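Written out below as structure tokens is the structure these notes cover.
In this text, all values refer to a predicted model and were calculated from it rather than measured experimentally.
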Amino acid sequence: MAPKRAPETDPQTTLRAGLPDRYLTPDDLKHMFGLPSVETVYAWRKTGVGPPAIRIGKYLRYDPAAVRAWVESNTEAVA
């Protein structure tokens, strides 16, 4: 019997619901923020604009808590 896989976390609800139990991929961020392409996420990293990433081997991953903190720090207050 094959082991059960954990259900995939919907990246669009990640910041609204509880934190997922996995690191996010650049593609998750693309879907989460409705970006035109994953290259936007890479450009954010290159210019230091986006959330902090960690490199695991050749892959970039994002801690959901760091992404949430980045969103909160870049959210403008509505007066």
Side-chain angles (χ1 to χ4, degrees):
M1 177 182 274
K4 287 188 173 185
R5 293 181 63 196
E8 289 295 318
T9 304
D10 177 16
Q12 293 178 338
T13 60
T14 299
L15 296 176
R16 294 186 189 102
L19 296 173
D21 59 354
R22 64 177 180 84
Y23 285 101
L24 302 171
T25 65
D27 196 53
D28 289 334
L29 268 60
K30 174 187 166 260
H31 292 292
M32 200 180 299
F33 296 116
L35 302 172
S37 71
V38 70
E39 282 75 22
T40 303
V41 177
Y42 295 131
W44 283 357
R45 178 171 163 76
K46 186 175 182 179
T47 60
V49 174
I54 59 172
R55 185 165 293 284
I56 301 174
K58 65 179 183 177
Y59 302 103
L60 285 180
R61 293 296 181 258
Y62 295 85
D63 182 344
V67 173
R68 177 178 282 163
W70 176 78
V71 168
E72 289 173 359
S73 71
N74 286 290
T75 301
E76 294 182 9
V78 178

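In terms of heavy atoms, Trp70 sits closest to Val49 at NE1-O, 3.0 Å. The nearest pair of heavy atoms linking Lys30 to Pro36 is CE-O, 3.9 Å. Shown here for Tyr62 and Ala53, the closest heavy-atom pair between the two residues is CE2-CB, 3.3 Å. Contact record, Asp27 with Val38: N-CG2, 4.0 Å, taken as the closest heavy-atom pair.
Residues passing the side-chain contact (heavy atoms from CB on, under 4.5 Å) test with Ala66 are Pro52, Asp63, sequence neighbours excluded. Evaluation of the side chain to side chain donor-acceptor pair (under 3.5 Å) rule for Ser37 yields Glu39 as partners, not counting sequence neighbours.
Under a hydrophobic-cluster definition in which Ile, Leu, Val, Met, Phe, Trp and Tyr are linked whenever side-chain heavy atoms come within less than 4.5 Å, directly or via other members, Val41 and Val71 are assigned to the same cluster.
The distance from atom CE of Met32 to atom OG1 of Thr25, rounded to the nearest 0.5 Å, is 8.5 Å. Between the CD1 atom of Ile54 and the OH atom of Tyr59 there is a distance of 14.5 Å, given to the nearest 0.5 Å. Interatomic distance, Arg61 CZ to Leu24 CG, rounded to the nearest 0.5 Å: 9.5 Å.
Sorted by first and then second residue, the side-chain hydrogen bond (donor to acceptor under 3.5 Å, both in side chains) pairs involving residues 40-57 (not counting sequence neighbours) form an empty list.
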